[in-house]
Amino acid sequence: MKVQPLDDRVLVKPSKAEERSVGGIILPDTVKEAPQEGTVIAVGTDEELKNLVSEGDQVLFSKFGGSEVKIDGDTYVILSRSDILGKVIA
Amino acid sequence: MKVQPLDDRVLVKPSKAEERSVGGIILPDTVKEAPQEGTVIAVGTDEELKNLVSEGDQVLFSKFGGSEVKIDGDTYVILSRSDILGKVIA
Amino acid sequence: MKVQPLDDRVLVKPSKAEERSVGGIILPDTVKEAPQEGTVIAVGTDEELKNLVSEGDQVLFSKFGGSEVKIDGDTYVILSRSDILGKVIA
Amino acid sequence: MKVQPLDDRVLVKPSKAEERSVGGIILPDTVKEAPQEGTVIAVGTDEELKNLVSEGDQVLFSKFGGSEVKIDGDTYVILSRSDILGKVIA
Amino acid sequence: MKVQPLDDRVLVKPSKAEERSVGGIILPDTVKEAPQEGTVIAVGTDEELKNLVSEGDQVLFSKFGGSEVKIDGDTYVILSRSDILGKVIA
Amino acid sequence: MKVQPLDDRVLVKPSKAEERSVGGIILPDTVKEAPQEGTVIAVGTDEELKNLVSEGDQVLFSKFGGSEVKIDGDTYVILSRSDILGKVIA
Amino acid sequence: MKVQPLDDRVLVKPSKAEERSVGGIILPDTVKEAPQEGTVIAVGTDEELKNLVSEGDQVLFSKFGGSEVKIDGDTYVILSRSDILGKVIA
């Protein structure tokens with residue numbers, strides 16, 4: 001079973017801590033947010049978005065925002081384009 | 001009796017828990033919202049929206065937002081396009 | 001005496017409880033809002049709006065928002081287009 | 001002495017209670033706002049606005065918003081276009 | 001010494017109470033704001049604004065908003081276009 | 001060492017109190033803000049902004065907003081275009 | 001391993017205190033924010049942004065906003081274009 005995100009949304013499978021290539025930390029003297037890492041599973045219907053991210057991309061995304069959903073027992077997040085900070089390039 | 005949504009709104013019949021193909025959970029360590037699932041009953045008058053969702057589509061939508069309405073004894077929600085996160089594809 | 005709404009506003013006569021074709025309920029476990037039902041009496045000057053709703057249409061509208069006004073002893077609401085959720089089709 | 005409103009503003013002389021053609025009430029079980037009635041004295045410089053309201057029009061306007069001003073001993077309000085709900089047609 | 005306002009700002013010399021042609025009052029049963037009166041000293045660089053107000057115009061402006069500045073011992077306000085409600089025409 | 005502001009920002013050296021040509025005061029009965037005075041050191045990359053302010057211009061700016069930065073021991077502010085109220089013309 | 005920022009974001013390596021060319025201070029009588037300094041490591045996919053900042057640029061950025069991320073043991077920030085105040089030119 002699959003989920004096709006609408007508009008500028010992206011379905012992402014968050015990486016487990018031990019699979020992450022990028023580490024996120026919160027420095028004690030700042031209010032900055034540490035992003036989370038995950039793999040793009042499906043890209044929304046927005047044409048511009050399709051030029052930016054593709055299925056299989058490893059992305060950093062804002063830990064806040066997005067909706068969690070469980071598909072076939074696994075947990076995913078549906079994010080908006082503005083929640084995606086960048087791609088991890090091996 | 002039928003309801004025709006205006007503009008970019010969609011009339012959706014929420015799925016009962018036992019009919020849902022997608023499970024929504026709230027992980028204890030996050031603030032993320034779990035979406036709800038339902039079937040599109042009628043699509044608004046907005047042309048762009050009609051290219052995105054159709055009657056009979058199974059959709060995931062934001063649990064907050066939208067208006068509940070009872071038609072012929074059944075409960076429906078009238079959602080805005082931005083409340084719809086994605087379509088469930090069998 | 002008549003009132004002609006300006007711009008994208010609509011003058012609506014709210015239906016009495018016993019005349020409503022659509023029932024609105026607030027489910028105890030949600031924050032969703034139940035819309036109200038009424039009859040369109042006059043449509044604003046906005047051309048796009050005139051293609052969407054017409055005098056005599058039965059509409060569902062957001063219970064919050066709009067201004068109440070008494071004309072010749074009857075109570076009406078003046079709503080904005082965004083307060084109208086859909087039309088009731090017999 | 002006269003005041004010419006700028007942009008999309010309208011100078012309105014509020015009607016006294018006994019001159020009002022439209023009654024505004026606040027129903028005890030709603031949060032809806034009752035509009036006020038008045039006569040348009042001068043229309044702003046905005047061309048689109050001039051097609052909508054004219055000097056002498058009887059208008060309903062939002063009771064909140066606008067600035068009160070006293071000219072030659074009489075009280076007026078300077079309203080924005082969005083404060084005007086509709087015109088009263090005799 | 002002179003001040004040339006930027007963009008859609010206007011430099012205005014507020015009228016003293018005894019010089020005002022328009023009286024502003026706050027009625028006890030409203031939340032409406034009474035505007036202040038003044039003379040336009042310099043108009044900003046915005047072309048559209050120059051068609052609306054000119055040096056020497058007597059204007060009504062919102063009492064809140066704007067920045068006060070003392071030039072050669074006199075007090076002025078630097079207002080945005082949206083703070084100007086209308087012109088007083090003798 | 002120099003700082004080149006980005007977009008519509010301006011680098012300004014605030015004037016010392018004794019160098020100011022324009023005095024700012026807060027009248028006790030108002031909430032109006034008194035602007036600060038300074039000299040433009042560098043103009044951002046925005047083309048429209050370059051037509052409005054130039055290096056060496058004496059400007060009035062909103063005391064709130066902007067970021068302070070110390071360059072070679074002197075204190076400067078980096079302002080956005082909307083923080084600049086006007087130019088002081090000798 | 002590398003991170004490619006999306007849209008108008010920039011990956012920046014914050015300078016250590018002893019490497020900073022520009023000093024940031026908070027004057028006791030102001031609410032102004034002191035920016036931080038850093039080196040641009042990667043520029044987002046936005047074409048306009050690429051004309052403004054390049055890899056290797058020394059930039060001043062707003063201390064608040066942005067997301068911290070640890071790559072190969074070093075700490076970086078992913079900023080939006082609007083968080084970048086200017087470039088430091090040697």
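Just so you know, these numbers come straight off a predicted model, no measurement behind them. Atoms considered below: every heavy atom in the structure, side chains included; atoms not considered: hydrogens, waters and symmetry mates. In what follows, chains carry the letters A, B, and so on, assigned in the order in which the sequence lines appear, proteins first and then strands, with residues in each chain numbered from 1.
Interatomic distance, D/Leu85 CG to C/Gln4 CD, rounded to the nearest 0.5 Å: 12.5 Å. The OG1 atom of C/Thr45 sits 9.0 Å away from atom CD of D/Glu48, with the distance rounded to the nearest 0.5 Å. The distance from the CG atom of C/Leu6 to the CD1 atom of D/Ile84 is 6.5 Å, given to the nearest 0.5 Å.
Residues meeting the salt bridge (Lys or Arg N to Asp or Glu O under 4.0 Å) test with D/Asp83, sequence neighbours left out: none. Remark: C/Lys2 engages no residue in a salt bridge (Lys or Arg N to Asp or Glu O under 4.0 Å) (not counting sequence neighbours).
Taking each heavy atom of C/Arg9 and D/Ser82 in turn, the nearest pair found is NH2-O, 2.9 Å.
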Requested in this report: Go through the steps for C/Asp7 and D/Arg81 under the test side-chain contact (heavy atoms from CB on, under 4.5 Å), then give the verdict.
Outcome: CA-CA 9 Å; C/Asp7 285 324; D/Arg81 173 178 176 171; 2.5 Å; yes
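When side chains are defined from C-beta on, D/Ile89 does not count as touching C/Val3, because their heavy atoms never get closer than 4.5 Å.
Looking at D/Val53, the atoms closer than 4.5 Å to chain C (heavy atoms on both sides) all sit in the side chain, from C-beta outward.
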